Amino acid sequence: MEAAGGGAASNVASLVKWRNDFSRAFQYYLDRSTPHSVQRWLGTLAATAIYMLRVYYVQGFYVVSYALGIYILNLLIGFLSPKVDPELEVLDGASLPTKESDEFKPFIRRLPEFKFWYSITKAFCIAFLMTFFSMFDVPVFWPILLCYWIVLFILTMKRQIMHMIKYKYVPFSVGKQRYSGKNSAASSSGITKD
């Protein structure tokens, strides 16, 4: 009887070791992918295309797609929102800098780009796997879901854009900001050296 218990314990131990090794290897490759944002997003685009082809091919799983769209909209709001809400900061007495002498606070996202990418990619993979189980294929009239999602997207984005305008922040930066010396500042103001 002990031999059977010892065999089960060794099976559990080997399963735990395999899971730990897999987790460590997965984290290693995930960490290595961090600086390659274009390639990561291209992979996510490929996963999105595969999912969309699967839904189109089986002509179903519209509720799964709707839930996926709501989840992505939620992630997008987190990606576009600042880590510290300026509305709450104003209530606390602190405010955003309005003059050059004020302290500069860079825009820090509530949801960083890497976590945004990882969550979206994971969501598409899970939704793709769900399309293989018929219990998730709830019969619905998909145009209503699509219209409702579009209205929800427009209202949410309108609110987010109004928040950006009100507190004067832009969640995107393109490339590294470059500064040139005094000559470019003088030439841009119309003053030239003779």
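Here the structure is a predicted model, which is why all the values come from computation and not from measurement.
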Tabulate below the donor-acceptor pairs under 3.5 Å that side-chain atoms of residues 121-134 make, not counting sequence neighbours, or state none.
from: T121; atom 1: OG1; to: T44; atom 2: OG1; distance (Å): 2.6
from: T121; atom 1: OG1; to: W117; atom 2: O; distance (Å): 2.8
from: T121; atom 1: OG1; to: W117; atom 2: NE1; distance (Å): 3.2
from: T131; atom 1: OG1; to: R54; atom 2: NE; distance (Å): 3.1
from: T131; atom 1: OG1; to: F128; atom 2: O; distance (Å): 2.5

Original post:
Should L152 and I161 be counted in the same cluster of Ile, Leu, Val, Met, Phe, Trp and Tyr side chains packed under 4.5 Å apart?
Top reply: no

Subject >> Transitive ILVMFWY side-chain link L76 to I150, under 4.5 Å >> reply: yes

Original post:
Just wondering, do M52 and V55 contact through their side chains at under 4.5 Å, heavy atoms?
Top reply: no

Subject >> Spatial distance of atom CZ (R40) from atom CD1 (I120) [nearest 0.5 Å] >> reply: 11.5 Å

**OP:** With L80 as reference, evaluate M157, R109, H163 under the side-chain contact (heavy atoms from CB on, under 4.5 Å) test and give the passing residue.
**Re:** M157

Subject >> Audit row: R19, L15, side chain to side chain contact (heavy atoms under 4.5 Å, CB included) steps and yes/no >> reply: CA-CA 6 Å; R19 191 179 126 243; L15 185 63; 5.8 Å; no

Original post:
Should we count CH2 of W149 as having more than 12 external heavy atoms under 6.0 Å?
Top reply: yes

Subject >> Spacing of OG belonging to S119 relative to CG belonging to N74, to within rounding of 0.5 Å >> reply: 10.0 Å

Original post:
Do you see a donor-acceptor pair shorter than 3.5 Å between the side chains of Y28 and R24?
Top reply: no

Original post:
Nearest 0.5 Å, what's the CD-CG distance between Q59 and D137?
Top reply: 10.5 Å

**OP:** Treat each ILVMFWY residue as a node, draw an edge where side-chain heavy atoms are under 4.5 Å apart, and state whether L45 and I72 are in one component.
**Re:** no

Subject >> Step-by-step side chain to side chain contact (heavy atoms under 4.5 Å, CB included) determination, T156 to F153 >> reply: CA-CA 5 Å; T156 307; F153 178 81; 6.0 Å; no

**OP:** Start with the C-alpha distance between M162 and K166, add both sets of side-chain angles, then the distance that settles side chain to side chain contact (heavy atoms under 4.5 Å, CB included), and finish with yes or no.
**Re:** CA-CA 6 Å; M162 296 305 291; K166 181 177 179 181; over 6 Å; no

Subject >> S65 to Y51 - nearest heavy-atom pair and separation >> reply: OG-OH, 2.7 Å

Subject >> Derivation of the side chain to side chain contact (heavy atoms under 4.5 Å, CB included) call for R110 and I77 >> reply: CA-CA 9 Å; R110 188 172 5 138; I77 293 302; 4.2 Å; yes

**OP:** State, to 0.1 Å, how close S37 and E113 come at their nearest heavy-atom pair, and which atoms those are.
**Re:** CB-OE2, 4.1 Å

**OP:** Following the transitive rule for hydrophobic clusters with a side-chain heavy-atom cut-off under 4.5 Å over Ile, Leu, Val, Met, Phe, Trp and Tyr, establish whether F116 and L42 coincide in one cluster.
**Re:** no

Original post:
Considering residues at least two apart in sequence or located in another chain, which fulfil the side chain to side chain contact (heavy atoms under 4.5 Å, CB included) criterion with V140?
Top reply: Y62, V63, V138, L145

Original post:
Do Q160 and S81 have side-chain heavy atoms sitting under 4.5 Å apart?
Top reply: yes

**OP:** Please confirm whether W142 and F61 have ring centers closer than 6.0 angstrom.
**Re:** no

Original post:
Should I70 and V151 be counted in the same cluster of Ile, Leu, Val, Met, Phe, Trp and Tyr side chains packed under 4.5 Å apart?
Top reply: no

